[in-house]
Number of protein chains: 2
Amino acid sequence: MIANNMIIYKKLNQQGYRITKAREKILEILSKSPKHLSVDDIYLAIKSRGENVGTATIYRAVDSLAKTGIIRKLSLLNGRASFEIINKEISTHHHHLVCRNCQTVIDYSDFIKEEIFLMKKLEKIVSKIHQFKIEDHQLSFTGLCKSCKGGD
Amino acid sequence: MIANNMIIYKKLNQQGYRITKAREKILEILSKSPKHLSVDDIYLAIKSRGENVGTATIYRAVDSLAKTGIIRKLSLLNGRASFEIINKEISTHHHHLVCRNCQTVIDYSDFIKEEIFLMKKLEKIVSKIHQFKIEDHQLSFTGLCKSCKGGD
DNA sequence: TTAAGTGCAAATATTTTGCAATGAG
DNA sequence: CTCATTGCAAAATATTTGCACTTAA
């Protein structure tokens, strides 16, 4: 059982999911990771402990964990999905700046107060208008990075 | 040649890309579509006109078009990339709402004045702080859609 | 002319599925 | 006990690459 997480177990039970070794291992890996992991990352992390969980199982497990809102599924631009625990305390939320020329992705989380305030306001407006329960957001700006825009 | 778009041609030329039949067809398809299309969608749309462009070519073409900032690459949660024209005049810019339960993606472009204003303000702040030339943004909110959150 | 671009088929990911065996409740 | 879950291998998808041929500039 992973540290102090009756809440997670409850969430699973409530939706008819069982607490299994595979799910526990995956949650443990994800909760210890500072960043989102792909299915393959999870597979390898488990392997490196001398244990084994098939990738098909991992795909099915992350799917159920995401459905219950325990983890978050991300789709970045690299063609594979990745996952992270939803836990405002632990995960550092960030936004992205993607350079269309050199493809560099800058993660930034040094939001200034004003940016955070604006995002919150936006969430509130959008959730109301579209009757959608917003739990999370992903924001990326595309353009030219400092060096690609010249005038470096 | 697709309608009134010397600007696009210029952008391609400036970066050493050529104006080819395949790129023209893809741009025409994308500019006529009200929503983002996957590579396969584009492939089929071209096919349905009795023409043909191989998928490998489409992958390479959208890649170059995205690099030049003519189209935008999106990675939603459905496991495949999709593309849309970046052109405030033609395509209506939109944001996304992605349901973590049923995976439905809702595109919305009925921004209220306040949302537009907030996004512009955000862009200004972020571009200044990170010395990044922002040309475009992608925003998606994740959570539960009207029917999945219950209380429908 | 000549480098960029294309088509096709083959190679690589990535994700899903079928099914018999296992295990949680 | 019984149904959700797993493991494995096979199937289905999605994307990339090699290479000879074609074409835009």
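In the text below, chain A, chain B and the rest are named by the order of the sequence lines, each starting its count at 1. No hydrogens, no waters, no symmetry mates; every other heavy atom, side chains included, goes into these values.
With Lys149(B) contributing its side chain and Gln131(A) its backbone, the two residues share a donor-acceptor pair below 3.5 Å. Put simply, the side chain of Ser33(A) never gets that close to the backbone of Leu30(A): no donor and acceptor are under 3.5 Å apart. Ser31(A) contributes a side-chain N or O that, together with a main-chain N or O of Leu27(A), makes up a donor-acceptor pair within less than 3.5 Å.
Side chains of Tyr108(A) and Ile129(B) form no contact here, defined as non-hydrogen atoms less than 4.5 Å apart. By the 4.5 Å heavy-atom criterion applied to side chains, Lys124(B) and Lys128(B) are not counted as neighbours. Proximity of His96(B) to Ile106(B): side-chain heavy atoms (C-beta onward) are nowhere separated by under 4.5 Å.
Between Ile46(B) and Ile29(B) the shortest heavy-atom distance is CG1-CG1, 4.1 Å.
The phosphate of dT16(D) (OP1 or OP2) has no side-chain N or O of Tyr59(B) nearer than 4.0 angstrom.
Taking a cutoff of 4.0 Å between a charged side-chain nitrogen and a carboxylate oxygen, Lys47(B) and Glu51(B) do not qualify as a salt bridge.
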Could you write nucleotides 3-11 of chain C as a row of B, S and -, 5' to 3', where a protein heavy atom under 4.0 Å of any base atom gives B, of only sugar-phosphate atoms gives S, and otherwise -? BBSSBBB--

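Across the protein-nucleic acid pair, Tyr43(B) atom OH and dA14(D) atom C1' stand 15 Å apart, rounded to whole Å. Computed from coordinates, the Tyr9(B) OH to dA24(D) C1' distance equals 13 Å when rounded to whole Å. For the pair Leu12(A) CG and dC3(D) P, the computed distance is 21 Å after rounding to whole Å. Regarding Glu24(B), its CD atom lies at a distance of 13 Å from the C1' atom of dT23(D), rounded to whole Å. The nearest whole Å value for the distance from the CG atom in Leu44(B) to the P atom in dT13(D) is 13 Å. The CG-C1' distance, from Asn78(A) to dT14(C), rounds to 11 Å in whole Å. Rounded to whole angstrom, the span from the CG atom of Asp40(B) across to the C1' atom of dT14(C) amounts to 16 Å. For the pair Asp63(B) CG and dA14(D) C1', the interatomic distance rounds to 15 Å; values are reported in whole Å.
In terms of position on DNA chain D, the residue among Thr55(B) and Ile19(B) whose nearest nucleotide sits closer to the 5' end is Thr55(B).
When the local axes at the two ends of the helix from dT1(C)-dA25(D) to dG25(C)-dC1(D) are compared, using 5 base pairs at each end, they differ in direction by 50° after rounding to 10°.
Ser64(A) contributes atom OG, which lies 8.0 Å from atom CD1 of Ile70(A) (distance to the nearest 0.5 angstrom).
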